[in-house]
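Read the structure below first, then the notes.
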Amino acid sequence: MAPVPQTDPVTELLRRARTIAVVGLSDDPLRPSHGVSAYMQSQGYRIIPVNPQIESCLGEKAHASLLEVPEKIDIVNIFRRPEFVEEIVDQAIQLKVPAIWMQEDVIDEEAAEKAGQSGIFVGMARCILQATRARFR
């Protein structure tokens with residue numbers, strides 16, 4: 001009997017997700033957060049900017065925090081320094097967001113463990129653009 005292939009949790013997450021709240025999204029096209037978010041938007045995901053410093057980005061109204069986002073969020077993509085991650089994770093837990101993605105160089109083991117213990121899928125120190133490209137070329 002052939003072994004049943006394991007499903008890749010990242011592939012399943014990216015297939016199910018529709019809305020990505022990007023915390024720290026910059027309206028500067030030269031910033032990685034902007035480029036990654038524009039790519040994800042081009043792949044059909046709805047991008048919700050979360051940054052109190054901007055009014056809008058990529059054609060979407062920006063929100064000052066996750067708690068101000070009025071619609072359901074499938075993934076919180078974090079482009080903030082590690083010292084800000086715990087507060088973002090706490091908000092995601094409060095909102096019952098199913099997944100948190102910490103971009104490259106964003107590492108907070110304690111916050112990741114806290115999210116995981118709350119039943120949230122965690123991707124850490126990985127680029128969501130690269131993960132998407134690798135799975136859906």
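- Shortest non-hydrogen contact noted between Val23 and Leu66 is CG2-CD2, 3.9 Å.
- Under the 6.0 Å distance and 45° angle rule, Arg80 counts as a cation-pi partner of Phe84.
- If you chain together hydrophobic residues whose side chains sit under 4.5 Å apart, Met124 and Ile120 fall into the same group.
- Here the OH-OG distance, from Tyr45 to Ser37, works out to 12.5 Å after rounding to the nearest 0.5 Å.
- One hydrophobic cluster, built from ILVMFWY side chains closer than 4.5 Å, cannot hold both Leu25 and Leu95; they sit in different ones.
- Annotation for Glu110: atom CD does not count as buried by contact number, only 12 or fewer foreign heavy atoms lying within 6.0 Å.
- In this structure, Arg133 is positioned above the aromatic face of Tyr39, its NZ or CZ under 6.0 Å from the six-membered ring centre and within 45° of the axis.
- In the hydrophobic cluster analysis, where Ile, Leu, Val, Met, Phe, Trp and Tyr join through side-chain heavy atoms closer than 4.5 angstrom, Ile107 is grouped together with Val89.
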- request: Carefully, step by step, assess Ile78 and Val76 under the rule side chain to side chain contact (heavy atoms under 4.5 Å, CB included).
  value: CA-CA 6 Å; Ile78 303 173; Val76 172; 3.9 Å; yes
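- A pairwise comparison of heavy atoms in Ile47 and Glu60 identifies O-CG, 3.0 Å as the closest pair.
- When atom types are taken as modelled, the side chain of Gln103 and the backbone of Ile128 share a donor-acceptor pair closer than 3.5 angstrom.
- A donor-acceptor distance shorter than 3.5 angstrom exists from the side chain of Gln41 to the backbone of Leu58, with no hydrogens or angles considered.
- Taking a 6.0 Å sphere around CD of Glu68, one finds it holds more than 12 heavy atoms contributed by other residues, nucleotides or ligands.
- The NZ atom of Lys114 sits 10.0 Å away from atom CD of Gln117, with the distance rounded to the nearest 0.5 Å.
- Nearest heavy-atom pair across Ala21 and Val50 is CB-CG2, 4.1 Å.
- Of all heavy-atom pairs spanning Met40 and Leu129, the tightest one is SD-CA, 4.2 Å.
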task: I would like to know whether Arg16 and Leu13 meet side chain to side chain contact (heavy atoms under 4.5 Å, CB included); could you show each step before the answer?
output: CA-CA 5 Å; Arg16 281 191 322 266; Leu13 170 66; 4.3 Å; yes
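- Ile93 and Val69 fall within the same hydrophobic cluster, defined by Ile, Leu, Val, Met, Phe, Trp and Tyr side-chain heavy atoms under 4.5 Å apart, directly or through other members.
- Of all non-hydrogen atoms in Val85 and Ala111, the two that sit nearest each other are CG1-CB, 3.8 Å.
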task: Test side chain to side chain contact (heavy atoms under 4.5 Å, CB included) on Gln43 and Leu14 and set out the steps.
output: CA-CA 11 Å; Gln43 299 305 300; Leu14 293 170; over 6 Å; no
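- With hydrogens and angles ignored, the 3.5 Å screen pairs no side-chain donor or acceptor of Asp27 with any backbone N or O of Cys57.
- Atom CZ of residue Arg18 and atom CD of residue Glu71 lie 15.0 Å apart, to the nearest 0.5 angstrom.
- Closest approach of Asp108 to Pro82, counting heavy atoms only: OD2-O, 3.6 Å.
- Under the 3.5 Å distance criterion, the side-chain polar atoms of Ser33 are matched with a main-chain donor or acceptor of Ser26.
- No chain of hydrophobic side-chain contacts below 4.5 Å, direct or via other Ile, Leu, Val, Met, Phe, Trp or Tyr residues, connects Leu67 to Val22.
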- prompt: Are Arg15 and Arg135 close enough, and set up right, to give a side chain to side chain contact (heavy atoms under 4.5 Å, CB included), and what steps lead you there?
  reply: CA-CA 10 Å; Arg15 277 196 179 121; Arg135 287 163 175 82; over 6 Å; no
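- Between the NE2 atom in His34 and the CZ atom in Phe79 there is a gap of 11.5 Å [rounded to 0.5 Å].
- By the 4.5 Å heavy-atom criterion applied to side chains, His63 and Pro70 are counted as neighbours.
- No donor-acceptor distance shorter than 3.5 angstrom exists from the side chain of Asp74 to the backbone of Ile20, with no hydrogens or angles considered.
- Counting heavy-atom neighbours within 6.0 Å of Arg31 CZ, excluding the residue itself, gives a total of 12 or less.
- In summary, the side chains of Thr19 and Arg46 do not present any donor paired with an acceptor at a separation below 3.5 Å, with no hydrogens or angles considered.
- Residues Pro9 and Phe121 are in side-chain contact: their nearest non-hydrogen atoms beyond the backbone lie under 4.5 Å apart.
- Around CG of Asp28, the count of heavy atoms belonging to other residues, nucleotides or ligands within 6.0 Å exceeds 12.
- In terms of modelled atom types and a separation under 3.5 Å, the side chain of Trp101 and the main chain of Ala125 share no donor-acceptor contact.
- Separating the CE atom in Met102 from the SG atom in Cys127 is a distance of 15.0 Å, to the nearest 0.5 Å.
- Shown here is Glu55, whose CD atom has no more than 12 heavy atoms of other residues, nucleotides or ligands within 6.0 Å.
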